[in-house]
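One is the number of the first residue; the rest follow in order along the sequence. Bear in mind the structure is a predicted one, so any value in this text is a computation, not a measurement.
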Amino acid sequence: MRSVRYLIKKIIKYDALMILMMIIYTIISAIYPFIWVIVPAKIITFSTENNFSNILLLLVVTGLLAIIASFALSFLKGNYRMRMNNVRYHLIRDLMKFSLDMPYENTLNTKTLDEIKLANESVLNPQAGAGGIILTMLQIMGELLASLGFIGLFSTLSPFILLFILTLVVGTFLLSEYISKKEYAFWNKNSIEDRRTDMLLNFAREPMNKKDIRAFNLYSLIQTYVNCYIENINTLMKSMLAKRFRVDTAIALLDFLRDGALYAWLIYQFLNNQINASQFYLYTAGIISFVVTAQQCMMDFAKIRKESTQFENFMKISVIAEGASEEIDQRLVQKYDNGVDINIREVSFCYPGSERNVLSHLNLHISPGEKLALVGENGSGKSTLIKLLCRLYRPTSGEILVDQQNIWDIPFEEYRKLLSVIFQDATILPFSIKENITMSVHADEEDLKNAIEDSQLTDTIQRLPKKLNTSLLRILDDEGTDLSGGQKQKLYLARALYKTESKILFLDEPTAALDSLAEKALYEQYGKIAYAKTSLFVSHRLASTQFCDHIAFLRNGAIQEYGTHHELIEKQGMYHELFEIQAKNYRDSEREEIPA
């Protein structure tokens with residue numbers, strides 16, 4: 001099986017000692033069942049001969065061997081299980097890396113999200129998927145060898161009895177595999193309902209959503225949706241459980257038929273002196289041990305088949321991830337000593353699954369070190385352009401050049417070094433303030449100190465008990481701190497300042513939650529620290545970006561007007577019209593706030 005070969009390669013890569021443990025466990029576990037079959041038969045033989053010294057010697061030797069074997073099997077199994085978890089954690093990290101590195105557009109693709117969820121389930125549970133396969137691999141070879149040994153024993157009895165046993169055991173195996181496939185197909189088909197339930201429950205548990213849930217008493221609304229999804233799953237499960245019951249009943253009947261027929265035949269042979277008491281016990285105990293061992297072996301084989309089907313989801317993603325790994329061609333790596341030149345040529349873009357262009361034949365040039373404002377009404381395509389510039393999406397047509405090189409030809413890690421980006425929905429991580437600024441485990445202390453001072457975050461940090469090591473949010477640390485809106489903006493500014501090697505600064509309305517004056521002041525602060533960077537400031541408030549060298553007015557996915565603030569005001573066009581509307585609204589709101 002592909003999954004077994006794949007996991008053996010991973011085991012060799014991450015913990016090769018597990019292979020030796022499997023070999024030792026296989027040998028001991030294959031021999032162990034024969035102790036309880038052959039030794040009692042020998043005791044019966046010795047007792048009929050009144051050879052009690054041999055009985056005592058046999059009991060002592062086999063007793064010690066059984067204790068040693070039992071201890072060895074227990075030790076190997078426990079140690080192997082711990083090592084299996086280590087391999088599984090490596091697989092979880094591989095999946096996490098793929099999830100973080102996959103194309104951004106896939107975050108909106110429900111098919112990809114379902115595949116990742118299934119892949120995650122195949123490595124998350126230590127008893128299923130990868131964990132189930134690795135654990136079962138430990139015991140199945142011993143069971144197979146023991147079964148072959150018992151078959152050799154029964155071949156001395158009767159080939160017809162052997163054929164009868166094998167037929168019924170195989171029949172049991174086929175029934176078990178049939179229902180296992182049905183169950184997996186069922187869960188695979190209905191994973192979307194399961195994913196929706198999980199996402200809704202995660203939404204309800206998210207601390208940031210608690211305020212709205214409590215304020216609007218959303219419990220009953222959320223519960224209605226959850227109950228609906230669960231009811232759909234339960235309805236489908238009833239039919240699945242009915243199939244499982246029918247198959248289990250058939251297996252039980254086969255087992256009863258097998259055991260009844262075998263014991264009847266052995267008793268007949270014994271009563272007709274075809275076998276003696278010792279042989280009667282040997283074959284009786286041997287048949288019981290063989291049936292148990294062979295059935296367990298086939299069940300384990302069916303389990304590996306079942307878990308392999310689940311693990312295929314991980315392997316499919318793994319193949320994509322390995323194929324997508326990017327090798328840096330040093331010939332494509334340029335040195336950017338100063339601000340870079342950005343040239344957007346005839347760029348059009350429509351989101352996956354949509355036919356409407358958000359951007360249409362857009363052309364825009366940003367000179368090295370220039371501060372350009374991209375303004376326009378909501379839905380005009382401003383944030384979409386930032387996503388294209390950040391390589392979150394690839395243009396439907398056209399190209400984006402940085403210093404005359406297409407950004408998709410630049411190795412991504414090298415391109416990422418150029419960028420310092422703050423999005424409208426910038427993220428606070430549940431780590432320390434220091435890590436939230438540096439976005440790394442390792443920090444340049446001098447750059448960190450300068451970033452904190454220039455962003456005016458020093459006083460906020462000094463008031464905290466653990467200073468820079470204070471955790472944010474209460475996800476990983478119950479004593480974590482929540483920042484105010486203004487403090488978050490300063491942290492985002494520090495994050496941008498810390499990345500001193502960046503040559504490009506993109507701000508995608510990170511201050512949308514602030515009032516106009518606060519946004520204007522903060523943007524001007526960003527403008528001062530962006531002295532050598534090629535900068536693009538996005539805002540729907542036209543008054544906030546007057547400090548920029550040029551302003552591009554975006555409407556319906558295309559640049560409608562371009563120039564300085566004063567040039568656009570004098571032009572008396574769309575920019576001027578929107579500017580006057582916003583100014584009037586601001587003046588009206590000020591009058592309303594003045595007490596009569």
Margin query: Donor-acceptor pair, distance only, cut-off 3.5 Å: does the side chain of Gln487 make one with the backbone of Ser484?
Written below: yes
Notebook entry, point to check: Going through the checks in order, is the side-chain contact (heavy atoms from CB on, under 4.5 Å) test met by Ile342 and Leu536?
Noted result: CA-CA 10 Å; Ile342 300 175; Leu536 182 60; over 6 Å; no
Next item on the list: Report yes or no: does Tyr492 contribute a side-chain atom to a donor-acceptor pair with the main-chain N or O of Ala426 at less than 3.5 Å?
Entry: yes
Next item on the list: Just jot down the side-chain contact (heavy atoms from CB on, under 4.5 Å) partners of Asn406, sequence neighbours excluded, or say none.
Entry: Glu399, Leu401, Trp408, Asp409
Next item on the list: Please report the C-alpha distance between Asn363 and Ile344 in whole Å, then the side-chain angles of each, then the deciding distance to 0.1 Å, and finally whether the side-chain contact (heavy atoms from CB on, under 4.5 Å) criterion is met.
Entry: CA-CA 5 Å; Asn363 291 281; Ile344 302 169; over 6 Å; no
Margin query: For the CD atom on Glu479, are there more than 12 heavy atoms of other groups (residues, nucleotides or ligands in this structure) within a distance under 6.0 Å?
Written below: no
Checklist line | Side-chain heavy-atom pair Ile551, Thr564 within 4.5 angstrom cut-off | finding: no
Next item on the list: With side-chain contact (heavy atoms from CB on, under 4.5 Å) as the test, would you mind laying out the steps for Asn357 and Ser348 before giving the verdict?
Entry: CA-CA 7 Å; Asn357 273 349; Ser348 296; 4.1 Å; yes
Margin query: Between Tyr498 (side chain only) and Asp444 (backbone N and O only), is there a donor and an acceptor less than 3.5 Å apart?
Written below: yes
Margin query: Assess, by modelled atom type and distance only, whether the side chains of Asp508 and Ser383 contain a donor and an acceptor separated by less than 3.5 Å.
Written below: yes
Next item on the list: For the pair Lys571 and Glu577, evaluate salt bridge (Lys or Arg N to Asp or Glu O under 4.0 Å) and give the outcome as yes or no after the intermediate values.
Entry: CA-CA 10 Å; Lys571 189 176 180 180; Glu577 180 185 352; over 6 Å; no
Check: Are any non-hydrogen side-chain atoms of Ile559 and Leu362 less than 4.5 angstrom apart?
Finding: yes
Notebook entry, point to check: Would you say Ile400 and Arg345 make side-chain contact, with heavy atoms under 4.5 Å?
Noted result: no
Item checked: Over all atoms of both residues, closest heavy-atom pair of Ala119 and Leu95 -> C-CD2, 3.7 Å
Notebook entry, point to check: Judged by modelled atom types alone, do Ser502 and Lys533 share a side-chain donor-acceptor pair under 3.5 Å?
Noted result: yes
Note to self: Taking Leu554's backbone N and O only, do any of them form a donor-acceptor pair with Lys382's side chain (distance below 3.5 Å, no angle check)?
What the structure shows: no
Next item on the list: Provide the full list of salt bridge (charged side-chain N to carboxylate O under 4.0 Å, His left out) pairs with a residue in residues 124-135, sequence neighbours left out, each pair given once.
Entry: none
Check: Is the closest basic N to carboxylate O distance between Arg416 and Glu413 below 4.0 Å?
Finding: yes
Next item on the list: For this output row, return yes or no: ring centroids of Tyr351 and Tyr393 closer than 6.0 angstrom.
Entry: yes
Margin query: Looking at Ile407, is its backbone amide N or carbonyl O close enough to the side chain of Arg391 to form a donor-acceptor pair, meaning the two atoms are under 3.5 Å apart?
Written below: yes
Next item on the list: List the steps and the verdict of side-chain contact (heavy atoms from CB on, under 4.5 Å) for Phe579 and His565.
Entry: CA-CA 10 Å; Phe579 183 84; His565 171 72; 3.5 Å; yes
Notebook entry, point to check: Is Glu370 reaching over with its side chain to a backbone N or O of Thr534, donor-acceptor style, under 3.5 angstrom?
Noted result: no
Next item on the list: Answer with yes or no whether the side chains of Glu377 and Ser380 bring together a donor and an acceptor at under 3.5 Å.
Entry: no
Check: Tell me, do Val123 and Phe311 make a side-chain contact under 4.5 Å, heavy atoms counted?
Finding: yes
Note to self: Within the structure provided, determine whether Leu418 and Glu501 are in side-chain contact (heavy-atom separation under 4.5 Å).
What the structure shows: no
Next item on the list: Answer yes when Asp482 and Arg474 have at least one side-chain N-carboxylate O distance shorter than 4.0 Å, and no when they do not.
Entry: yes
Item checked: Chi angles and distances behind the ring pair (Phe, Tyr, Trp, His ring centres under 6.0 Å) call for Phe537, Phe547 -> CA-CA 10 Å; Phe537 298 83; Phe547 68 92; 5.1 Å; yes
Item checked: Neighbour count >12 (heavy atoms, 6.0 Å) for atom NZ, Lys467 -> yes
Checklist line | Pair Tyr415 + Phe412: ring centers closer than 6.0 Å | finding: no
Notebook entry, point to check: Going by heavy atoms in the side chains, are Leu359 and Leu388 under 4.5 Å from each other?
Noted result: yes
Margin query: Using modelled atom types and a 3.5 Å cut-off, is there a donor and acceptor pairing between side-chain atoms of Ser455 and backbone atoms of Leu491?
Written below: no
Next item on the list: Spell out, as yes or no, whether a donor-acceptor pair under 3.5 Å connects the side chain of Thr427 to the backbone of Leu429.
Entry: no
Note to self: Main chain of Ser432, side chain of Asn436: is a donor-acceptor contact present, judged purely on distance under 3.5 Å?
What the structure shows: yes
Next item on the list: State, with a plain yes or no, whether a side-chain heavy atom of Arg83 is found less than 4.5 Å away from one of Leu17.
Entry: yes
Check: Taking Asp403 for the side chain and Asp341 for the main chain, is one N or O donor matched with an acceptor at less than 3.5 Å?
Finding: yes
Margin query: Contact between Ile428 and Lys488 at the side-chain level, heavy atoms closer than 4.5 Å - yes or no?
Written below: yes
